[in-house]
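Here is the structure we will look at.
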Amino acid sequence: MSAPDEFPAQYDFATNEPAIYARWQAAGVFTANTARSSRLGGDRAPYVIVMPPPNVTAILHVGHGLNGAVQDVLMRWARMKGQEALWVPGTDHAGIATQNVVEKQLAAEGKTREDLGREQFVERTRAFVAETGGVILQQLKSIGASADWTRTAYTFSPELSGAVREAFVRLFEKGLIYRGHRVIHWCPRCLTSLSDEEAEPTETTGALYHISYVLQDDPSRIITVATTRPETMLGDVAVAVNPEDERYQDLIGKNVILPILNIPIPVIADDYADPAFGTGVVKITPAHDANDFDVGRRHGLPTPVVIDEHGNLGEVMDAVGRVPAHLIGVERFRARKQIVKLLEAAGRLEKRETHLHNVRHCYRCDTVVEPRLSDQWFVRMQSLATPALDAVRTGHVRILPERWVGVYESWMTNIRDWNISRQIWWGHRVPVWYCSSCDAPNNVIASRTDLASCPQCGGDVRQDTDVLDTWFSSGLWPLSTLGWPDENAPDLKAFYPTDVLVTAPEILFFWVARMIMFGFEFKGETPFHTVYLHGTARDTQGRKMSKSLGNGIDPMDVVNRYGADALRYTLIAGMGLGADVFLDPADLDKSFATGRNFATKLWNIGRFLLKNVGDGEVTSFGPGLALNRADEWILDKLDTAIRESDRALGPLRPEGKQWRNDELTAGLRLNDFAETARRFVWNELADVYLEAIKTRLLTPGDDQQVARSVLVHVFDQALRLLHPIVPFVSEALWARLPGHVEGTFLATASWPAARAEAAASPRVGEFEMLMEVAGALRTVRSKYNVPPSQEIAASIVTSAGNRGVLTEESVLINRLTKATIAFVDTAPAGDASNMVLSGGTELIVPLEGLIDVRKECARLESELKNLEKQLTALEGRLSNPGFVERAPAAIIDAERAKLGEWSTRRDLLRARFEALCATG
RNA sequence: GGUCGCGUAGCUCAGCUGGUUAGAGCGCUGCUUUCACACAGCAGAGGUCCACGGUUCGAAUCCGUGCGCGACCA
């Protein structure tokens with residue numbers, strides 16, 4: 001017997017979790033071995049997940065916790081399934097985000113990045129990251145993440161930076177990267193361009209200003225133009241109408257007068273103008289609107305720039321005479337007000353109405369983004385998108401939940417070129433050098449190595465000052481973390497392509513789509529066969545948890561209070577495929593009760609069980625044990641739980657390279673898995689089986705040995721099933737199982753297998769019958785408040801077979817219900833509680849003095865009524881010729897069987913009701 | 001505006017290819033501090049499956065419309 005302090009009543013997760021984690025690490029349980037991968041001649045199929053790299057300066061929030069928990073469940077499951085499991089962890093240098101953090105620090109010191117200069121600023125950021133970065137990886141360990149930390153990667157490491165250069169140069173050489181003069185999203189605070197995805201639309205109530213323009217030839221003719229950004233009118237070069245629009249046919253080719261500046265601009269015809277929107281006339285500002293830019297280019301219009309990089313008005317480029325002197329240098333939103341005043345004064349502001357529209361904000365600092373004409377690097381997406389789109393359409397990659405497939409397809413088919421240059425300092429610098437001597441286009445050289453002079457003429461070169469979008473490097477993540485571009489890298493050979501990519505739907509385009517595109521472009525193969533998009537953590541009002549709203553939950557708080565297992569179980573069990581998880585940040589006790597209760601319960605089950613099994617030798621489980629009904633029953637339930645778990649988790653990978661249609665949505669139902677495992681260990685193993693075998697466990701003899709053997713076996717299997725969800729407490733208990741071999745881990749134990757499917761032993765059904773009898777007896781006790789100490793005597797009318805079973809199990813029945821049973825041929829008269837069970841078994845409990853006849857009659861009557869209602873419906877169905885002719889035979893048989901069963905029960909109930917309640 | 005999703009017990013949600021007396025957790029009610037666990041056990045209450053219409057022998061499940069939410073893309 002274990003000493004009491006070795007098996008405390010309360011599970012001490014606070015000391016257990018870190019200790020267990022340390023043991024796993026010391027044993028190298030999470031370290032993958034290339035030689036064992038079947039792709040390199042080993043005997044294990046690889047199962048690989050690359051972790052979405054959190055920002056290097058990030059600290060763990062629930063979203064990360066959820067993401068990590070999902071991946072860890074899959075990793076641990078695959079590892080136990082005998083796969084060579086590799087979970088690659090790492091962080092992202094997060095260009096704009098990290099630069100902003102350091103800039104804030106500088107601001108606190110009264111400095112700007114310009115004060116330091118580029119080199120020093122980058123150095124300082126590097127030091128900052130080295131010192132404080134990667135905290136989140138440590139936090140992931142405390143939630144149990146079984147990642148291979150020996151392979152921890154970083155997007156800005158020398159190795160991964162090399163991959164970035166290689167990718168850039170290859171795309172450049174193929175002509176897929178080009179320098180473009182375009183209107184892009186510009187953040188006037190970060191002073192950088194942003195991709196379409198980084199400029200996030202936010203619904204905002206603004207104003208729609210209706211401005212009247214007069215015709216140059218005929219001042220009496222007025223047309224109205226609506227805009228939400230009147231300050232951009234200084235850069236207007238035309239107004240456009242739809243060529244089909246009958247209202248304005250006569251104006252096309254004529255000029256209107258641009259108010260304030262009082263210069264003539266042409267009326268042009270372009271499909272872009274939507275006749276149904278507003279007045280059907282749209283102003284064209286090519287330098288400050290992406291659509292207008294396209295219109296301008298189609299019509300050969302100039303592109304005056306009237307807003308500078310800081311968002312202030314000015315005659316920035318090709319705009320001489322376009323900004324009134326008193327507006328030069330004025331900030332854009334103040335300028336907007338002043339322009340509106342000028343319009344009012346000139347009588348040109350027709351009206352102003354409130355308007356709900358989307359305003360794009362910088363995803364890093366939330367400043368309103370300004371569309372701005374500038375030179376940027378772009379990736380031509382069309383040819384990259386084609387194989388990535390096909391891969392999803394043909395089932396080489398599946399996206400779960402399925403509804404995201406459509407979103408993915410529409411994005412990929414309407415894909416626009418990707419602006420990859422950022423005017424910041426923290427990131428991979430664009431590997432392009434400009435030669436001061438060579439002629440264009442030869443003066444632009446992309447290079448894998450730094451250039452000191454021009455390789456063509458030996459002349460002076462200077463490197464492009466832009467850095468690459470962070471997502472360019474993270475798009476290479478599955479490749480670069482495994483050693484690409486070295487095609488002979490063992491990790492690349494052993495582990496690429498990977499298996500599942502687990503992330504949030506928000507970054508489907510930012511990241512997932514680009515990884516798929518790069519996977520095909522650089523390796524000719526998809527980086528993973530499954531994209532699993534999980535939900536978002538929200539508060540009770542449905543708001544996304546975020547730092548800025550202050551409604552987040554710190555997973556470390558949860559770990560400290562209830563343990564990592566409680567956190568994981570709650571998240572996994574509470575999250576349907578792709579569904580959001582709702583938690584109350586103000587009530588952690590309630591939010592995490594599910595997981596906390598479960599972890600405690602599991603511990604207690606283990607404690608009771610192991611204490612009772614004791615230290616003596618346990619007969620090893622196998623054929624030949626003289627199993628009794630309870631044993632057969634729990635083994636049957638175990639098989640069911642294993643099968644259901646396997647079905648919920650699904651196949652590890654497609655059989656070939658493509659998912660079959662019927663497997664396209666199979667598996668990854670982690671909540672179903674959690675529920676199945678919970679039901680088995682709690683409701684079936686603990687509530688029923690343990691209660692049923694307590695006496696056997698305490699009574700020395702052969703049967704005790706059988707019970708111990710089955711119990712240990714079943715609990716061992718249960719711990720294996722549960723391990724992916726609650727790794728710590730399961731590992732702690734597993735180590736205490738009799739016969740545990742020091743140095744072996746549940747984390748690498750084999751996944752349970754159900755016994756071959758066979759006709760269930762009749763003893764399983766017999767056990768269920770006797771549990772039904774016990775349940776009925778308990779119901780009677782509870783209904784009539786029979787004191788726990790008082791024995792009751794019941795009469796039963798039942799088949800000979802059931803009599804035999806109940807006689808054999810009378811000790812168990814008595815232990816569970818404090819009842820003794822007498823068999824009778826017909827129900828005795830007198831005040832009694834009456835129940836009819838499956839198969840027409842009648843249970844009569846005479847309770848002279850205790851039973852309230854009126855109450856019993858009311859109960860019988862309501863049961864009878866309910867049953868009659870069901871029977872009417874059932875009879876209706878069976879007498880419907882349509883049903884009998886067209887429904888499948890199996891369904892009809894089942895309905896007929898039900899009819900027989902229910903009719904018997906109704907007849908018996910009615911008889912009892914009349915005997916007891918008939919008032920004469 | 002386009003595309004998509006959601007509306008099932010007081011709350012949060014399962015219910016996959018139509019056939020269940022519609023489920024779980026939390027909460028609630030009663031009994032029990034019985035020697036694993038009160039973060040528990042036993043027994044319960046609680047649902048016109050948003051509304052209307054349709055397909056079908058049969059609909060929470062499929063289709064349409066409406067109402068109410070939400071997401072993504074414009």
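Sequence lines set the chain letters: A, B, ... in the order given, protein chains first and strands last, and positions in each chain run from 1.
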With both distances kept under 3.5 Å, what pairs with [N], Watson-Crick or G-U wobble?
| N | answer |
| --- | --- |
| B:A60 | none |
| B:A43 | B:U29 |
| B:C49 | none |
| B:C72 | B:G2 |
| B:C35 | none |

Got more than 12 heavy atoms from elsewhere within 6.0 Å of CZ, A:Arg416? no

Is it the case that atom NZ in A:Lys855 sees more than 12 heavy atoms from other parts of the structure closer than 6.0 Å? yes

Looking at every strand, decide which applies to [X] at a 4.0 Å heavy-atom threshold: base, sugar-phosphate, or nothing.
| X | answer |
| --- | --- |
| A:Arg403 | sugar-phosphate |
| A:Glu691 | base |
| A:Lys818 | nothing |
| A:Asp687 | sugar-phosphate |
| A:Pro505 | nothing |

Quantified in whole Å, what is the [atom1] atom distance between nucleotide [N] and nucleotide [M]?
| N | M | atom1 | result |
| --- | --- | --- | --- |
| B:A24 | B:A36 | C1' | 24 Å |
| B:A22 | B:C26 | P | 23 Å |
| B:G7 | B:U17 | P | 13 Å |
| B:G53 | B:G46 | C1' | 30 Å |
| B:U12 | B:C72 | C1' | 24 Å |
| B:A60 | B:U8 | C1' | 7 Å |
| B:C50 | B:C13 | P | 15 Å |
| B:C63 | B:A45 | C1' | 37 Å |

Quickly work out the [X] [atom1] to [N] [atom2] distance and round it to whole Å.
| X | N | atom1 | atom2 | value |
| --- | --- | --- | --- | --- |
| A:Leu609 | B:A40 | CG | C1' | 17 Å |
| A:Leu690 | B:C35 | CG | C1' | 15 Å |
| A:Lys855 | B:A45 | NZ | C1' | 13 Å |
| A:Arg678 | B:C39 | CZ | P | 18 Å |
| A:Lys590 | B:U12 | NZ | P | 9 Å |
| A:Met771 | B:A43 | CE | C1' | 14 Å |
| A:Leu874 | B:G19 | CG | P | 16 Å |
| A:Arg877 | B:G58 | CZ | P | 11 Å |

On the ring face of A:Tyr689, is A:Lys694 found with NZ or CZ under 6.0 Å from the centre and within 45° of the axis?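 Geometry flag: not set, cation outside 6.0 Å or 45°.
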
Is A:Glu901 salt-bridged to A:Arg896, cutoff N-O under 4.0 Å?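 Here A:Glu901 does not pair with A:Arg896 in a salt bridge, since their nearest N and O are not under 4.0 Å apart.
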
Between the side chains of A:Glu663 and A:Arg660, is the shortest nitrogen-to-carboxylate-oxygen separation below 4.0 Å, so that they form an ion pair?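 A salt bridge is present here (some side-chain N lies under 4.0 Å from a carboxylate O).
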
Check whether A:Asp270 reaches the backbone of A:Val295 with its side chain - one donor and one acceptor, N or O, closer than 3.5 Å. no

Of all the choices, [options], which nucleotide is nearest to the side chain of [X] once you look at every atom?
| X | options | result |
| --- | --- | --- |
| A:Arg778 | B:A14, B:C42, B:A36 | B:C42 |
| A:Ile891 | B:A36, B:U32, B:G19 | B:G19 |
| A:Ser782 | B:A43, B:G25, B:G41 | B:A43 |
| A:Asp672 | B:G19, B:C37, B:A14 | B:A14 |
| A:Asn597 | B:C72, B:G41, B:C26 | B:C26 |
| A:Asn604 | B:C39, B:C37, B:A43 | B:C37 |
| A:Arg905 | B:G19, B:C42, B:U21 | B:U21 |
| A:Asn785 | B:C31, B:A40, B:A36 | B:C31 |
| A:Lys898 | B:A24, B:A43, B:U21 | B:U21 |
| A:Thr600 | B:G19, B:C39, B:A36 | B:C39 |

Distance check: side-chain N/O of [X] vs OP1/OP2 of [N], anything under 4.0 Å?
| X | N | result |
| --- | --- | --- |
| A:Asn866 | B:U21 | no |
| A:Lys783 | B:C42 | no |
| A:Thr570 | B:G25 | no |
| A:Trp411 | B:U3 | no |
| A:Arg360 | B:A74 | yes |

Tell me which of A:Arg669 and A:Ile605 sits closer to the 5' end of RNA chain B, going by the nucleotide each one is nearest to.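 This one resolves to A:Arg669.
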
Whichever of A:Ala593 and A:Gln870 has its nearest RNA chain B nucleotide further upstream toward 5':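 Its nucleotide being nearer the 5' end, the pick is A:Gln870.
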
The ring-ring contact (aromatic ring centres under 6.0 Å, His included) partner of A:Phe598 among A:Tyr569, A:Phe592, A:Tyr562, A:Tyr11 is A:Tyr569

Does A:Lys601 make a side-chain donor-acceptor contact with the base of B:C39, cut-off 3.5 Å? no

B:C16 base to A:Arg647 side chain: any donor-acceptor pair below 3.5 Å?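 Indeed, a donor on one side and an acceptor on the other fall under 3.5 Å apart.
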
For residues A:Pro700 and A:Leu698, report the shortest heavy-atom separation together with the two atoms involved.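 In this case the closest contact between A:Pro700 and A:Leu698 is CD-O, 3.4 Å.
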
For residues A:Arg678 and A:Asn683, is any side-chain donor paired with an opposing acceptor at under 3.5 Å? yes

